[in-house]
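Reading through the structure tokens given below for one structure.
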Amino acid sequence: MQIKIATWNVNSIKARLDGFLIWLKNTSPEIVLLQEIKTISENFPKDPIADLGYNMAIFGQKTYNGVAILSKFPIEDIVENLPHFSDQQSRYIEALIALPDAAIRVASVYVPNGGSTLDVGQKINETTKFQYKMDFFTKLSEHAKKRLEFNESFIIGGDFNVANENIDVYDSASLKNTLCFHDDEKFQFRKLLNMGYGDLFRNLNPYDGNFSWWDYRGNSLKLNKGMRIDYILASPLAMDNITSCLIDNKALEVEKRSDHAPVICEIKI
DNA sequence: ATGGTCGCGAGGCGA
């Protein structure tokens, strides 16, 4: 069988609900990894999503952040938060999806934005936010490394808040070492690649400079001044069975759009 | 231009 897995930073599930439900019905992924749902779990719009045939694992938070996993198949072994990281913010949820004749582990991750980089003249709390981002990445790497010992299909999708290569940003020269394109952030992200996880979009589309996020400000989407900061990463075992990966820009052709586009992959099971 | 535009929640913060 072949299944479709999508990741999407929706920037509030409630503000996005109408368009999201249409997209969900039309796209019909077997598994959806959501970030920035911006609601506590109790207020997540479960009913209309369940009506479309989805089970849900929701790790919400008031006002900010919040991640979730939707699945047409049973959701088991749910992990909330990165192990060994006492996080006040809801940014990581992982689960085992029980497919008919197999299982696949998936995670939805929302890496901290970082506030600003450690360049000269930044405020103390801003450097704290950047350090929090670095710490989060370190714990994510440690956990991802440990998961490789399972030797199973493991998919990590989400908003990593870093563009990895020059073609992943609209102007690599002017953005050099700015937030989300800083060498320290790339180093953290590349640790995941170097230990064996594959960046699906980049592996299947080596030269495509597509973006996944555009700032609401400055008419960025129309000018295509974006960055590719949303990824689907796959463990080596899963990597061998990926058949496609695309960024679904059409999902942003709605009145109330997110500032992120979904990323969708297909995998043979 | 130390701005801009969203979402949350009801003023200012976070992105």
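It should be emphasised that the depicted structure is a prediction, and the values quoted were computed from it without experimental measurement.
- Counting only residues at least two apart or in different chains, ring pair (Phe, Tyr, Trp, His ring centres under 6.0 Å) contacts with residues 133-172 of chain A comprise Phe85(A)-Phe136(A), Tyr92(A)-His143(A), Phe160(A)-Phe189(A), Phe160(A)-Tyr231(A).
- For the salt bridge (Lys or Arg N to Asp or Glu O under 4.0 Å) condition, no pair includes a residue of residues 69-80 of chain A, sequence neighbours left out.
- The side-chain hydrogen bond (donor to acceptor under 3.5 Å, both in side chains) search around Trp213(A) returns Asp259(A), not counting sequence neighbours.
- Nucleotides dG7(B) and dT2(B) place their C1' atoms 23 Å apart, quoted to the nearest Å.
- The salt bridge (Lys or Arg N to Asp or Glu O under 4.0 Å) analysis of residues 6-23 of chain A, with sequence neighbours excluded, yields no pairs.
- Protein atom CZ of Phe130(A) is 17 Å distant from nucleotide atom C1' of dG14(B), rounded to whole Å.
- For the P atom pair drawn from dG11(B) and dA1(B), the interatomic distance equals 33 Å after rounding to whole Å.
- Lys139(A) and Glu142(A) are joined by a salt bridge, as a carboxylate oxygen and a charged side-chain nitrogen come within less than 4.0 angstrom of each other.
- For Glu185(A), the side-chain hydrogen bond (donor to acceptor under 3.5 Å, both in side chains) test picks out Lys133(A), with sequence neighbours left out.
- Residue Tyr110(A) contributes atom OH, which lies 12 Å from atom P of dG14(B) at whole-angstrom precision.
- Listed by first then second residue, pairs satisfying ring pair (Phe, Tyr, Trp, His ring centres under 6.0 Å) with a partner in residues 33-79 of chain A number zero, not counting sequence neighbours.
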Exercise for review: Produce a footprint string for nucleotides 1-12 of chain B: one letter per nucleotide, 5' end first; B if the base is under 4.0 Å from any protein heavy atom, S if only the sugar-phosphate is, - if neither.
Suggested key: ---BBSBSS---

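- Only the C1' atoms considered, dG9(B) is 13 Å distant from dG14(B), to the nearest whole Å.
- A heavy atom closer than 4.0 Å to some atom of DNA chain B occurs in no member of residues 160-174 of chain A.
- To the nearest angstrom, P of dG14(B) lies 15 Å from NZ of Lys133(A).
- Looking at residues two or more places apart in sequence or on another chain, you find a salt bridge (charged side-chain N to carboxylate O under 4.0 Å, His left out) between Glu149(A) and Lys146(A).
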